[in-house]
Amino acid sequence: MTGRGPTVGVLALQGDVREHLAALASVGAVGVPVRRPAELAAVQGLVLPGGESTTIGLVAARTGLLEPLRAAVRAGLPVYGSCAGMVMLADRVVGAPAGQHTIGGLDVTVRRNAFGRQVDSFESTVEVDGVPGGPLHAVFIRAPWVEQAGAGVQVLGRVVAGPAAGRIVAVRQGRLVATSFHPELTGDTRVHDLFVQIVREHPGRDDRRADGADDGASEGGVR
Ligand SMILES: NC(=O)CC[C@H](N)C(=O)O
């Protein structure tokens with residue numbers, strides 16, 4: 001694998017998986033779909049795509065991926081969640097149906113479908129810290145926003161104009177990154193580039209005690 005970029009999984013249970021795989025490839029990573037614990041164990045970073053977080057959570061629970069995903073986040077796997085992926089990563093979700101399964105790990109309160117029924121989908125510009133080259137053109141589709149961010153969470157971006165101006169739509173906490181919007185739909189790969197840089201900075205799994213492998217070889221770690 002010398003000369004190739006890091007292997008970054010895209011959780012492929014539901015949602016816009018292909019677009020993330022394409023974005024990862026264009027920033028030099030090797031993108032692979034992840035549907036099973038053994039596939040999760042083989043990646044150095046993971047993207048949680050947009051889609052429907054209730055469905056993604058349900059399928060993850062039914063396929064035995066939910067606990068391995070939680071363990072991987074606890075163990076320090078770099079993860080980037082976009083839209084539904086942001087909901088999946090949030091520690092607290094407002095507007096979730098009772099019993100919705102999430103992964104957690106990101107110390108934020110996220111409101112699902114926050115921008116209101118009238119604006120299911122809209123586009124705006126967002127300035128993202130750590131992303132050079134000026135504001136991003138951001139696409140929001142039934143998107144969440146971050147209502148409250150814990151002390152260890154870095155706010156990377158807010159909506160610039162319109163009724164939602166000032167709302168937090170991009171955050172980072174250590175190796176976890178989340179955006180309300182869908183950079184994978186715009187051809188602008190700067191957010192993926194930022195995330196893959198984080199993956200490159202943490203390429204090893206040495207500091208990870210529980211990687212969600214289903215072969216039993218690495219069990220006994222963080223639980
Ligand atoms: N575009 C999206 O990912 C929509 C997210 C969806 N509303 C959810 O809460 O899961």
Side-chain angles (χ1 to χ4, degrees), residues 8-24 31 33-35 45-63 65-66 69-70 73 79-126 128 136-149 153 156-159 162-164 167-172 176-189 191-192 194-195:
V8 178
V10 179
L11 186 65
L13 304 179
Q14 190 264 339
D16 65 338
V17 175
R18 262 184 313 165
E19 290 81 353
H20 279 288
L21 290 171
L24 288 168
V34 167
R35 295 188 186 85
L46 182 71
V47 173
L48 307 174
E52 186 49 58
S53 57
T54 50
T55 306
I56 294 170
L58 200 63
V59 180
R62 285 190 182 156
T63 56
L65 253 182
L66 199 57
L69 285 165
R70 289 173 176 159
V73 168
V79 181
Y80 164 46
S82 152
C83 200
M86 173 190 263
V87 177
M88 292 301 295
L89 269 185
D91 278 345
R92 297 167 297 279
V93 182
V94 179
Q100 176 170 351
H101 301 286
T102 60
I103 298 167
L106 189 59
D107 181 15
V108 295
T109 304
V110 153
R111 178 175 291 276
R112 282 186 72 216
N113 304 331
F115 292 89
R117 286 208 191 98
Q118 272 71 29
V119 272
D120 267 0
S121 159
F122 73 102
E123 305 188 11
S124 178
T125 49
V126 175
V128 179
L136 277 106
H137 179 73
V139 176
F140 296 85
I141 305 167
R142 291 175 58 74
W145 66 41
V146 174
E147 293 222 329
Q148 180 267 335
V153 177
L156 296 183
R158 296 176 187 265
V159 177
R167 290 295 181 181
I168 300 171
V169 291
V171 291
R172 175 175 178 183
L176 306 179
V177 177
T179 64
S180 303
F181 52 90
H182 293 271
E184 73 283 4
L185 299 181
T186 62
D188 184 334
T189 54
V191 172
H192 289 79
L194 171 75
F195 177 60

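We count ligands from 1, going down the list as the structure has it; atoms in each ligand are counted the same way.
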Next item on the list: Mind running side-chain contact (heavy atoms from CB on, under 4.5 Å) on Phe181 and Thr186 for me, showing each step along the way?
Entry: CA-CA 10 Å; Phe181 52 90; Thr186 62; over 6 Å; no

Next item on the list: Decide whether the shortest distance between a heavy atom of His182 and an atom of ligand 1 is less than 4.0 Å.
Entry: yes

Next item on the list: Quick one: look up the protein heavy atom nearest atom 2 (C) of ligand 1 and list residue, atom name and how far away it is.
Entry: Cys83 SG, 2.8 Å

Next item on the list: Looking only at distances, please establish whether an N/O atom of ligand 1 is found under 3.5 Å from an N/O atom of Ile141.
Entry: yes

Margin query: Could you identify the single nearest non-hydrogen protein atom to atom 8 (C) of ligand 1 and state the distance to 0.1 Å?
Written below: Ser53 OG, 3.4 Å

Item checked: Between His192 and Glu184, a side-chain donor and acceptor under 3.5 Å -> no

Notebook entry, point to check: Which residue supplies the protein heavy atom nearest to atom 7 (N) of ligand 1, what is that atom called, and how far is it?
Noted result: Asn113 OD1, 2.6 Å

Next item on the list: Compare every heavy atom of Val94 with every heavy atom of Thr109, then report the nearest pair and how far apart it is.
Entry: CG2-CG2, 3.6 Å

Notebook entry, point to check: Do any nitrogen or oxygen atoms of Thr54 lie less than 3.5 angstrom from nitrogen or oxygen atoms of ligand 1?
Noted result: no

Note to self: Test side-chain contact (heavy atoms from CB on, under 4.5 Å) on Arg112 and Val93; report intermediate values, then the result.
What the structure shows: CA-CA 7 Å; Arg112 282 186 72 216; Val93 182; 3.7 Å; yes

Notebook entry, point to check: Which atom names give the shortest non-hydrogen contact between Thr179 and Val191, and what distance separates them?
Noted result: CG2-CG1, 4.2 Å

Notebook entry, point to check: Any side-chain heavy-atom pair from Val73 and Leu176 closer than 4.5 angstrom?
Noted result: yes

Check: Would you say ligand 1 has an N or O under 3.5 Å from any N or O of Gly51?
Finding: yes

Checklist line | Proximal ligand 1 atoms for Gly50, defined as those under 4.0 Å from one of its heavy atoms | finding: 3 (O)

Note to self: Show, in sequence, the C-alpha distance, side-chain angles and deciding distance for Leu13 and Leu65, and conclude whether the side-chain contact (heavy atoms from CB on, under 4.5 Å) test is met.
What the structure shows: CA-CA 10 Å; Leu13 304 179; Leu65 253 182; 4.1 Å; yes

Next item on the list: Answer yes or no: does an N/O atom from Ala84 fall short of 3.5 Å to an N/O atom of ligand 1?
Entry: yes

Check: So His182 and Phe140, ring-ring contact (aromatic ring centres under 6.0 Å, His included) or not? Walk me through it.
Finding: CA-CA 7 Å; His182 293 271; Phe140 296 85; 8.6 Å; no

Notebook entry, point to check: Hey, which atoms in ligand 1 end up nearer than 4.0 Å to a heavy atom of Arg112?
Noted result: 8 (C), 9 (O), 10 (O)

Next item on the list: State whether the shortest distance between N or O atoms of Ser82 and N or O atoms of ligand 1 falls below 3.5 angstrom.
Entry: no

